Chemist: 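Below: one structure in structure tokens.
Keep in mind it's a predicted model, so treat the numbers as computed, not measured. Scope of the values below: all heavy atoms of this structure, side chains included, with no hydrogens, waters or symmetry mates.
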Amino acid sequence: MKVPQNTVFYMEVNGKQLNKKVNWEKFNPFLQEITKDKGKDKKASWNDYSKTGIKYDATQYHYATMNDSVKSYNTHFTLENPEKFKEFINSVKKKGQEITKKNNYSYVDIDNDVFVAWNESRAVLSLISYEKPYKWDDDYAVDSAVAVVDSAAAVAVDSVYAEEVKPFDYKEEIQYLKDDIKYLKESIKDNNAEILKLQKDIKYLEKHHQYPEEKKDPEITEPIKDSTYTPNAEVLPPPISQDDYYEEETYEVDSAYQKEMDSLNIEKFKIVKKFAEDGFTLYFNSNGELSVTKDMLSFRDSNSDVFVYADYGKIVNEGIYGKMPANFNFTGLLGKIYNSNTSYNLYFDKDKVRLVNNYQHKDPETQNNISAVYKGKKNKKLASLINDKSVGYYVMNVNGSKYFDMMYGLLKNSEETEYQKEMELMMETMKIVLDEEAITKIAPGNGIFVLNELKSKNVEYTDYDYDDDYNEKEVKKTKDVMVPDFTFAFATENENYWKRVFNVLTSNKAFAKKFSKNGEFYAFKDEKNKNGYIEQLFFTIKDGIVYVTTSKENINANNQSEVSKQWMKDSSKYPLSGRLNIQKLLIGLDKEFKSKSERKTLDLLRKNVGEVYFKTEAKGGSIQTEMNYNIKNSSENSLMYFFDLFDEIYKISESEKPSKTL
């Protein structure tokens with residue numbers, strides 16, 4: 001069976017490796033707990049998720065499809081015990097729902113859009129959603145999905161009706177009327193609310209023989225900002241008792257409206273059921289193997305625990321923007337950028353989680369332009385700012401001049417057909433006008449951002465209280481906020497340019513109020529923003545490096561440990577690299593956690609969260625990024641680490657729930 005052409009997502013789960021890393025003695029009780037029954041009428045939940053009949057050490061295949069009206073997600077399993085699997089399905093399917101038997105498989109709908117099919121050795125889970133396509137010129141769009149469904153489920157638009165003069169079609173007229181009914185019924189709730197208000201007025205008049213007296217506000221000499229109350233407005237008092245309502249007149253759900261909605265839902269269910277059944281038949285008539293195109297598997301590593309492929313071009317162009325009006329033309333430049341093969345290999349190692357991402361543009365010329373950007377010169381001076389005491393850093397060593405070629409290529413072939421010649425002429429003009437060499441000397445493409453720490457700062461802010469008449473009153477309060485202590489630096493081959501920029505800022509009358517010069521440093525300080533997150537910044541230029549920092553001491557090189565020396569080497573070796581110590585970040589953010597459960601969760605995370613490290617380079621005709629998350633607790637492996645962490649957070653949340661026992 002071939003994976004459908006409109007597949008936008010494909011995943012393989014390496015069960016042979018993952019099953020060895022799952023501790024079912026921990027995992028099974030947890031699943032039982034979070035899926036336990038909440039009501040008396042519900043069936044007993046499954047009691048052993050480690051024995052569902054699914055062969056966990058076999059490879060699982062997942063893929064998602066998308067077109068103008070149907071989206072689906074499909075999972076293919078291998079079974080080791082079909083009887084146990086049937087027992088599991090019976091425990092989760094809808095009550096009273098009968099299983100449909102076909103020639104070589106059986107299937108059942110677990111929900112209105114969830115279907116499961118199986119035979120003696122294989123099983124398929126399909127989630128299918130259907131929405132009638134909408135055409136922006138207000139004509140009914142041809143539904144490419146419904147066109148394959150029999151007339152009992154839906155009626156497809158026939159091209160013969162595209163003529164200006166249409167013969168009367170009673171079915172089409174019925175559909176118009178149904179749409180009108182749906183619109184009218186949607187306003188019932190709003191109408192009922194208005195009726196209820198009028199009933200209150202009637203009841204008040206019957207008791208008091210007049211409307212409520214208009215409330216007069218005391219005369220004021222200065223304006224009062226009031227965001228919730230409008231002076232001199234008529235305000236109805238709250239009802240004296242339940243007698244203020246016409247209890248004898250109740251408005252129940254309109255039965256005709258309910259029947260109409262039920263009818264629409266039934267028709268939609270027939271459509272998705274037909275799609276599910278067709279997919280099941282196709283699969284179970286095959287040999288059980290999926291045929292996948294080479295571009296999806298280009299970067300698959302058979303040793304990874306999970307492999308994922310995503311076609312972001314189709315997701316963006318056909319999904320997010322596919323239904324937008326053509327004249328908006330979202331799919332031009334964006335379509336060009338996202339027209340790529342993107343793959344992920346995930347590894348749950350003993351002491352870390354490793355994710356390797358490969359991005360490869362489908363146009364070889366564009367990919368070559370992108371790869372050229374990632375082949376820049378190295379700069380060791382910037383690496384000296386790296387130290388293991390910081391919260392994190394991000395280093396960039398790219399070829400700035402190649403950005404122009406990359407952008408030219410994307411704009412030139414962005415499929416702007418209406419103005420293609422004009423676009424190409426504009427690109428050529430930009431190449432002539434812009435001095436690419438001079439621009440790249442100003443900022444060649446080497447930079448670093450270092451987050452040294454998060455400091456606590458007490459700031460004053462304005463809050464508002466309201467009296468009984470909803471008059472607003474300003475109240476001054478204080479709170480502690482976390483402000484970043486950071487350094488941003490980048491290389492330059494034209495120091496004089498940046499000196500002229502800073503000198504202009506300090507000499508210009510408008511800017512000089514906030515910019516000043518003290519020795520080698522230029523300072524920015526906003527007196528009006530004392531309560532902001534960043535009150536003061538320092539700028540300086542030294543040995544071909546431009547610095548922007550919150551503290552002058554940050555530009556001095558620090559004594560580095562063996563670990564930070566290795567980070568320095570990587571920062572000079574790779575075009576992009578960085579790290580983030582999440583534990584230190586949480587320590588800096590501790591004042592943002594207020595409630596008891598939040599504090600407990602924060603303490604748990606502090607003890608267990610690790611560190612993220614990544615590096616990016618042009619490799620194998622793609623842009624490859626490797627990200628490592630090092631774990632810190634005593635879990636068996638990094639997969640169970642996430643389970644243990646989530647289990648503890650779940651217990652904290654459950655302990656905070658109020659007890660139902662009096």
Chemist: Do Asp570 and Tyr613 have side-chain N/O donor and acceptor atoms under 3.5 Å apart?
Modeler: yes

Chemist: What heavy-atom pair brings Met640 and Val22 nearest, and what distance separates the two atoms?
Modeler: SD-CA, 4.1 Å

Chemist: Just by distance, no angles: are the side chains of Ser622 and Gln624 close enough, under 3.5 Å, to form a donor-acceptor pair?
Modeler: no

Chemist: Between the side chains of Lys476 and Asp463, is the shortest nitrogen-to-carboxylate-oxygen separation below 4.0 Å, so that they form an ion pair?
Modeler: no

Chemist: Considering only NZ, NE, NH1 and NH2 on the basic side and carboxylate oxygens on the acidic side, decide whether Glu636 and Lys26 come within less than 4.0 Å.
Modeler: yes

Chemist: OG of Ser340 to CG of Asp295: how many Å apart, nearest 0.5 Å?
Modeler: 11.0 Å

Chemist: Are the side chains of Val546 and Phe488 in contact, using a 4.5 Å heavy-atom criterion?
Modeler: no

Chemist: Counting C-beta onward and ignoring hydrogens, is there a side-chain heavy-atom pair between Glu648 and Lys607 closer than 4.5 Å?
Modeler: no

Chemist: Among pairs that include at least one residue of residues 427-459, which meet ring-ring contact (aromatic ring centres under 6.0 Å, His included), considering only residues two or more places apart or in two chains?
Modeler: Phe449-Phe486

Chemist: How close do Thr506 and Lys517 get, heavy atom to heavy atom, and via which atoms?
Modeler: CG2-N, 4.2 Å

Chemist: Applying ring pair (Phe, Tyr, Trp, His ring centres under 6.0 Å), name anything that partners Phe643, two or more places apart in sequence or on another chain.
Modeler: Phe27, Phe30

Chemist: When you check the side-chain N and O atoms of Ser401 and Thr440, is any donor under 3.5 Å from an acceptor?
Modeler: no

Chemist: Should we count CD of Glu520 as having more than 12 external heavy atoms under 6.0 Å?
Modeler: no

Chemist: Answer yes if the ring centres of Tyr63 and His76 are under 6.0 angstrom apart, and no otherwise.
Modeler: yes

Chemist: Less than 4.0 angstrom from a charged side-chain N to a carboxylate O is my criterion; do Asp305 and Lys16 meet it?
Modeler: no

